[in-house]
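Since the structure comes first, as structure tokens, the remarks are kept for the end.
These numbers come from the heavy atoms of this one structure, side chains and all, not from hydrogens, waters or symmetry mates. Per chain, numbering begins at 1; letters A, B, ... match sequence-line order.
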Protein chains: 2
Amino acid sequence: ESAARPARLGLCAACHGEDGVARMKATPHLAGQDLDYLKLALAAYRSGARDVPVMRAAVGALTQAELDELAVWYAAQARVP
Amino acid sequence: ESAARPARLGLCAACHGEDGVARMKATPHLAGQDLDYLKLALAAYRSGARDVPVMRAAVGALTQAELDELAVWYAAQARVP
């Protein structure tokens with residue numbers, strides 16, 4: 001069964017879509033992405049290793065548990081466009 | 001029709017697969033990813049904005065035309081696993 005819908009999904013959905021199919025140009029699709037990679041990317045946005053202001057702002061507002069929940073959600077989404 | 005098979009695809013395929021479905025843990029799937037995003041990510045690996053040694057080495061060996069060709073290839077791959 002697919003992952004439970006994260007409470008914070010709305011924060012990501014504007015750009016990444018609830019289904020992980022990007023709604024914005026130059027924005028990655030997240031649907032079916034590798035879970036470990038998603039967690040690495042989120043950690044990089046949080047630490048600033050990836051210096052992307054919009055992501056630092058979004059990630060900064062979330063707990064680690066919420067980030068993990070979002071990563072699980074997007075990794076679980078079907079990659080069919 | 002799908003993009004022409006890039007001459008340098010072998011450099012990426014070991015980790016990302018020729019079809020863009022990652023063969024390694026913590027490695028992103030590239031199949032069907034947003035083209036602009038792929039180009040941004042490659043530029044970040046080349047500039048060091050994304051400080052990932054293996055990617056800096058791989059990207060450093062390629063011309064911009066070769067990078068663009070690879071980005072087009074992976075963006076064109078079906079996202080069905």
Side-chain angles (χ1 to χ4, degrees), chain A residues 1-3 9 11-60 64 67-81, chain B residues 1-3 9 11-60 64 67-81:
Chain A
E1 33 61 59
S2 74
L9 189 58
L11 195 61
C12 319
C15 300
H16 293 291
E18 288 205 1
D19 55 4
V21 178
R23 299 301 193 271
M24 302 258 294
K25 271 180 64 67
T27 302
H29 299 304
L30 302 182
Q33 186 52 277
D34 177 82
L35 178 56
D36 293 327
Y37 173 73
L38 287 177
K39 290 182 175 180
L40 283 171
L42 287 172
Y45 289 123
R46 179 185 282 261
S47 71
R50 289 192 189 187
D51 185 12
V52 180
V54 60
M55 282 302 291
R56 183 159 51 252
V59 169
Q64 189 57 54
L67 288 175
D68 292 343
E69 194 186 9
L70 288 162
V72 167
W73 168 266
Y74 280 117
Q77 299 309 300
R79 272 187 285 149
V80 177
Chain B
E1 36 58 60
S2 75
L9 188 58
L11 196 60
C12 318
C15 299
H16 293 292
E18 289 206 1
D19 56 4
V21 178
R23 298 303 193 271
M24 301 258 295
K25 271 178 65 64
T27 302
H29 300 304
L30 303 181
Q33 185 53 275
D34 176 83
L35 178 56
D36 293 328
Y37 173 73
L38 287 176
K39 290 182 174 179
L40 282 172
L42 286 172
Y45 289 122
R46 180 186 282 264
S47 71
R50 290 192 186 185
D51 187 12
V52 180
V54 60
M55 282 303 291
R56 182 158 53 252
V59 169
Q64 188 57 53
L67 288 175
D68 291 343
E69 195 187 7
L70 288 161
V72 168
W73 168 267
Y74 279 117
Q77 299 309 302
R79 268 188 287 152
V80 176

Provide the closest heavy-atom pair for A:Leu40 versus B:Ala26 in the form atom of the first, atom of the second, distance. CD1-CB, 3.6 Å
Go through the atoms of A:Ala22 and report whether side chain, backbone, both or neither lie under 4.5 Å from a heavy atom of chain B. neither
CG-NE2 distance between B:Asp34 and A:His16, expressed to the nearest 0.5 angstrom: 11.0 Å
Could you tell me the separation between the CG atom of B:Leu30 and the NE2 atom of A:His29, rounded to the nearest 0.5 Å? 12.0 Å
